[in-house]
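First the structure, in the form of structure tokens, and then the observations on it.
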Amino acid sequence: MGDIDIDSDILRTIIDTAHDHFFVVDADGRVLDVSPAAAAVYGMSREALCRTTVQALEAQGVLKPSVSLEVMRTGKPAQLMQVTGTGRRVIAQAHPVFRDGRLAAVVSRSMDLTDLQLLQEEYALLQRRFSDHLRRSGVADEPGLEAELDDLEVRSGVMREVALLLKRVAPTDATVLMLGESGVGKTAFARQLHRWSRRQAGPFIDVNCGAIPESLFESEMFGYRHGAFSGAAPGGKAGLMEQAEGGTLFLDEIGELPLAMQTKLLKVIQDSSVTRLGDTRPRRVDFRLVVATNQDLARLVEAGQFRLDLYYRLNVIPVTLPPLRERREDIPGLVERQLRRLNDRYGRDKIMARDVWQQLMGRDWPGNVRELENWLERAWLSAADDVIRPDGQDGTGHPRAAPGGAPSVGASGLLTTAPGGEDLRGGETLKAALARTERAILAELCGERTSTYAIAERLGISQPSVVRKLRQHGLRIARGASPDD
């Protein structure tokens, strides 16, 4: 066994009983021990595995690739997707063990994704049974539910089921993972969950993980002590996690969180404490964690872009909000709510033309609720009188044209070219034409708006999406602000 002692009763019990599959190798790659369950996944007996090296196992295709070799090459923890000799796909994580500053061993563990898939299928089955139970028992028609939902619209059966599920888990401190496309209302439902919880008197701290530059993320989230860095505020500053004390911390776009910050977030969740930047004293924190994403976190885990252990910590109560095209019954209520807001804001009493409803109900709304609300505001502002009409008509029933024939964002939220604009250029593909039009719109807005947040609000997309698009097209905001603002 060399210099590594793995014969203690405690370590032996951990390895023998672990659900994960453990490998322990020395600094030269010799396999010192593996957990018994590893044999079924890797296709070799425990004894045979312990007589070989990870270099040989990788060459034989038993480990494709070896995560332990990656750690031996870099000296840093690693996570990657493996295909084993039996054809199983597993997520493997490995960590170095140092003694006297030198690599002494590597400890790795892997989890068969078949287990994860079974858990997801089991949860989906339970969710379907829960929905069937609600429909049979009539719970989905619980009277007075709308009165408790403030401004949320849950007229469709599927959204009532989502609301009832959130209401049931609200009294607990279980972590909730909001899933769904951009614009479906994840933030609004997270706020409602907070209002239903026992922490409703506490703060609701809303953090967009994709909007904070990585260089500032740690100081913003964890805070800092006096003198931690040049320009630090006198007396230090409490981070957003401390500010959520007694309330709810909502982390939107959690899939955008850098790997280094994922590690720090996991430690906070495990220890219920944070350490400010430049400090050594941990501070206890007590908040309810709610996260949201429009990405497939399981795929990010497979790609090595999201930590598996953090994924399990967050995926306690997954709640999927369906897109608007799958719950068109909610459209009338959403339109009525937005119309009331606009009339109150501008002191008018505009109404919807009868023939506009067919247009609203027939669209797929790829931007979901956010796109619908932005469409209505544009149509409200464009109406010459107190009647909001279908796309392309002003108060006289004549087509509306963008000035100068320049590309514009139409009332549908799609990129359009006004009359007199250019057609496809010679040999130009649709993709290239859309990219050219998108760049023209962004370039115009860069001259009109002072921040990426303002551009995002105008276009009805997220601020991180605006930042990415500006970088993609090589654009900057003209009035002294950078694309990271």
Side-chain angles (χ1 to χ4, degrees), residues 19-20 77 79 81 91 93 109 111 113 115-124 126-127 162 165-166 168-182 184-194 196-197 199 204-212 214 217-218 220-222 239-241 244 247-274 285-321 462 464:
H19 177 69
D20 292 352
Q79 173 179 294
M81 189 74 188
I91 288 289
Q93 293 179 321
R109 62 178 182 179
M111 174 170 287
L113 286 183
D115 296 337
L116 175 59
Q117 184 177 358
L118 290 174
L119 287 172
Q120 291 175 328
E121 291 174 354
E122 182 179 354
Y123 174 76
L126 290 173
Q127 200 169 38
V162 168
L165 175 60
L166 290 175
R168 291 191 176 191
V169 303
T172 73
D173 274 341
T175 299
V176 174
L177 171 61
M178 299 273 190
L179 302 168
E181 297 177 5
S182 179
V184 293
K186 296 186 288 293
T187 300
F189 275 89
R191 289 185 181 278
Q192 183 61 55
L193 177 67
H194 172 71
W196 273 330
S197 76
R199 298 173 176 270
F204 179 87
I205 303 298
D206 183 359
V207 181
N208 187 325
C209 296
I212 304 177
E214 185 174 354
F217 195 90
E218 186 171 5
E220 288 295 314
M221 288 297 297
F222 299 91
L240 294 170
M241 289 184 174
T248 300
L249 178 64
F250 176 57
L251 301 182
D252 197 7
E253 298 198 36
I254 190 69
E256 302 283 347
L257 196 63
L259 278 170
M261 294 302 104
Q262 292 177 27
T263 303
K264 294 179 181 295
L265 174 61
L266 178 64
K267 183 170 177 58
V268 172
I269 296 173
Q270 291 173 334
D271 300 343
S272 297
S273 66
V274 299
V285 289
D286 174 30
F287 54 77
R288 204 263 183 81
L289 182 62
V290 180
V291 300
T293 183
N294 58 11
Q295 301 188 59
D296 186 339
L297 290 186
R299 289 189 179 275
L300 293 182
V301 169
E302 292 183 17
Q305 298 171 1
F306 203 85
R307 289 183 62 103
L308 178 65
D309 41 10
L310 179 58
Y311 174 73
Y312 279 119
R313 285 283 187 172
L314 300 179
N315 195 32
V316 179
I317 306 290
V319 177
T320 301
L321 275 64
S462 69

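Side chains of L314 and F306 form a contact here, defined as non-hydrogen atoms less than 4.5 Å apart. In this structure, the side chains of V184 and N294 stay at 4.5 Å or more apart for every pair of heavy atoms. When side chains are defined from C-beta on, I254 does not count as touching Q295, because their heavy atoms never get closer than 4.5 Å. Between L297 and N315, every side-chain heavy-atom pair lies at or beyond the 4.5 Å cut-off. Within the 4.5 Å cutoff, the side chain of I269 has heavy atoms near those of the L289 side chain. Considering only heavy atoms from C-beta on, L251 comes within 4.5 Å of M221 through its side chain. Annotation: side chain of V162 is not in contact with side chain of M178 (no heavy-atom distance under 4.5 Å).
Judged by distance alone, the side chain of R288 and the main-chain N or O of T172 form a donor-acceptor pair under 3.5 Å. Judged purely by atom type and a 3.5 angstrom limit, Q262 uses its side chain to pair as donor or acceptor with the backbone of Q305. Between the side chain of K186 and the backbone N or O of E181 there is at least one donor-acceptor pair closer than 3.5 Å.
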>> Could you go through F287 and V268, starting from their C-alpha distance and side-chain angles, then the distance that decides it, and tell me whether this counts as side-chain contact (heavy atoms from CB on, under 4.5 Å)?
In response: CA-CA 11 Å; F287 54 77; V268 172; 4.2 Å; yes
> What's the verdict on side-chain contact (heavy atoms from CB on, under 4.5 Å) for L321 and L179, showing C-alpha distance, side-chain angles and the deciding distance?
Replying inline: CA-CA 6 Å; L321 275 64; L179 302 168; over 6 Å; no
>> Go through it in stages, so that I can follow the logic: the residues are V207 and M241, the test is side-chain contact (heavy atoms from CB on, under 4.5 Å), and I'd like the CA-CA distance, side-chain angles, deciding distance and then a yes or no.
In response: CA-CA 10 Å; V207 181; M241 289 184 174; over 6 Å; no
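The structure places CZ of F250 at 8.5 Å from CZ of R191, a figure rounded to the nearest 0.5 Å. If you take CZ on R168 and CD1 on I317, they are separated by 12.5 Å, rounding to the nearest 0.5 Å. Taken from CZ in R307 to CG in L265, the straight-line distance is 10.5 Å, to the nearest 0.5 Å. The CD atom of E253 sits 11.0 Å away from the CD1 atom of I212 when rounded to the nearest 0.5 Å. Going from atom CZ of R109 over to atom CD1 of I91 covers 12.0 Å, rounded to the nearest 0.5 Å. For the atom pair NZ of K264 and CZ of F217, the computed distance is 11.5 Å after rounding to the nearest 0.5 Å.
Summarising the geometry of A170 relative to S197, their closest heavy-atom pair is O-CB, 3.4 Å, with the distance given to 0.1 Å. Residue A244 comes nearest to L249 through the heavy atom pair CB-CB, 4.0 Å, listed as atom of the first residue, atom of the second, then distance. Smallest separation of non-hydrogen atoms from L259 and G304: CD1-O, 3.7 Å.
For T175 and R313, the side-chain atoms include no donor-acceptor pair closer than 3.5 Å.
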